[in-house]
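Working notes for the structure below.
Both ligands and their constituent atoms are indexed starting at 1 by order of listing.
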Amino acid sequence: MELLFEKTRPGRRCMTFPSLEVPVYSLDQKYCRKNLELPELAEVDVVRHYTALSRRAYGVDDGFYPLGSCTMKYNPKVNEDVAALKGFTSIHPLQPEHTVQGALKAMKFLSDALMEITGMDAITLQPAAGAHGEYTGLSLIRAYHLFRGDVKRTKVIVPDSAHGTNPATANMAGFQTVNIPSNEENGVDLDALRAAVGEDTAALMLTNPTTFGLFEKNILEIAEIVHEAGGLLYYDGANLNAVMGIVRPGDTGFDVVHLNLHKTFSTPHGGGGPGSGPVGCKAKLAPFLPIPVVEETADGKFCFRQPEHTIGKVKAFYGNFGVYLRALTYILILGREGVRETSENAVLNANYLMKSLEDLYEMACPGGFCMHEFVMSLEKLKKETGVSAMDVAKSMIDHGVHPPTMYFPLTVPEALMFEPTETESKETLDAVVLLMRELYERAYAEPEKLHAAPVLAQIGRPDEVKAARIPVVRFPLKNE
Ligand SMILES: *Cc1c(COP(=O)(O)O)cnc(C)c1O
């Protein structure tokens, strides 16, 4: 498809400007650009260009999007209406507090709701994403230990069932990562944990539900072991979609938790828009939170405050404010019962899908029930037919379904990880079951068809490593 820059024709215009009501002012030439190449096109060409582009993309509004660990659920449009209210979009972050009381109140309301949902005492909304929240949370934990003169705590324990960002974050935050294996039930191996903790343990990072889509059964015992060693407990709550309204990280002994508003709390994401990874913590960590936090004063006003021993700032201004408004709207409309029902239905849908496929596809954790997502292994299918998880995923694209997460978790060979989310109807799930069963049979009957997929997509099978390592994301302009 040609770019706007290639479709350009000198002199074509989309609009004519009204004649000036003020005298013409000529800017000093030294402030002017020498050259600015912009495409010149008629309105109809621009409209057709973007409409064609939008048809090539795939999003939650197009169809089923079971991208495990990413919670690509439907985003109610009323969230957008609220985020677009003029009173919110036309304010500036540098305005004096007394002129933006409504915005501060919205932030305070959201903070309170999220503290209630997570069982925490304090919170920052600032981090821009989940991994950024992890980094902020570990920074709080470091500040806490150092403030107490406990300077030897340099290690962060990360079970191998953790999300990949956990060990990466621990390293980025300057800690040494200690990996511990899973037990036969794909939970944390308690003996390995006991052997790993000590005076150098800063924290344990637990992803719950784990990347296998399972609830960590020994969560209370894990918390006790780490606390007894003097370490703190970090809860990766990006997958709260499975447990919100049912169990709270704060009640199971955790000191810090991050949430992904762009997953659980319904904001468009995945190349779509900005994210938000609020970090909640227990009272003992509150003095270290990033600047500023929002507070309600005695006279019912709202203000920013600087925590006493703050780690500083982690994001420009106050974070991604529009995402807060979407999350707040979402929570207020659902209400207490609705929040819980959301998780219950997410878990129900995942189990329905898993149980409808487990006679054909091998599940990573066979026989049991899952939380909001499940992992299947196509190792046997690949051995018998040569058809890989990649082949099956690419074939799904030809049938108008977004593939699940592939080759993750790393400990499961030929993994496909499905997260249907609560917003999908039984009819949608049944159609996907039918498709997955058809693909299974086709793998034995016509494996070459699956190797060749996708045949209907704009792009077939790109070199993914090269695309990630040497991304070409912009068009070279003529004068470059
Ligand atoms: C998505 C996810 C993250 C990372 O969140 P980002 O917003 O992509 O940085 C961390 N942990 C878990 C369990 C996740 O699912």
Going by the order shown, which atoms of ligand 1 are within less than 4.0 Å of some heavy atom of A129? 7 (O), 9 (O)
Who's closest to atom 10 (C) of ligand 1 heavy-atom-wise, of T169, N241, T264, T165? T165
Nearest neighbour in protein (non-hydrogen) for atom 1 (C) of ligand 1: K263 NZ, 1.5 Å
Under 4.0 Å from a heavy atom of E134: which atoms of ligand 1 are those, numbered in the order shown and with their elements? 10 (C), 11 (N)
Find out whether P66 and V432 are in side-chain contact, i.e. whether some heavy atom of one side chain is under 4.5 Å from a heavy atom of the other. no
Below 6.0 angstrom between ring centroids: does that apply to H145 and F288? no
Does an N or O anywhere in A131 fall below 3.5 Å from an N or O of ligand 1? yes
Within the 4.0 Å heavy-atom shell around N239, which atoms of ligand 1 are there? 13 (C), 15 (O)
Find the distance between CD (E134) and OG1 (T169) and round it off to the nearest 0.5 Å. 3.5 Å
Using a distance-only test with no angle check, is there a side-chain donor-acceptor pair under 3.5 angstrom linking Y234 and H258? yes
Is ligand 1 under 4.0 Å from a heavy atom in the side chain of T71, in the backbone, in both, or in neither? neither
Salt bridge flag under 4.0 Å for residues D391 and K382: no
Is the closest heavy-atom distance from H269 to ligand 1 below 4.0 Å? no
Could you tell me whether atom 8 (O) of ligand 1 has at least one protein heavy atom nearer than 4.0 Å? no
Pairing of K77 and D81 as salt bridge, 4.0 angstrom limit: no
Those atoms of ligand 1 less than 4.0 Å from some heavy atom in T207: 13 (C)
So is S69 in contact with ligand 1, going by heavy-atom distances below 4.0 Å? yes
Quick one about D62 and H402 (side-chain donor to acceptor, distance below 3.5 Å, no hydrogens or angles considered), yes or no? no
Hey, what do you get for SG (C281) to CD1 (I141), rounding to the nearest 0.5 Å? 9.5 Å
Distance to 0.1 Å, residue and atom name: give those for the protein heavy atom nearest to atom 5 (O) of ligand 1. N260 ND2, 3.0 Å
Would you name the heavy atoms of A52 and M1 that are closest together and state the gap between them? CB-CE, 3.9 Å
Please indicate whether any nitrogen or oxygen in H262 is less than 3.5 Å from any nitrogen or oxygen in ligand 1. yes
Option nearest atom 13 (C) of ligand 1 (shortest heavy-atom distance, choices T210, D236, T211, L240): D236
Between F304 and Y318, is the ring centre distance below 6.0 Å? yes
Any N/O pair G130/ligand 1 closer than 3.5 Å: yes
Quick one: does H132 get a heavy atom under 4.0 Å from ligand 1? no
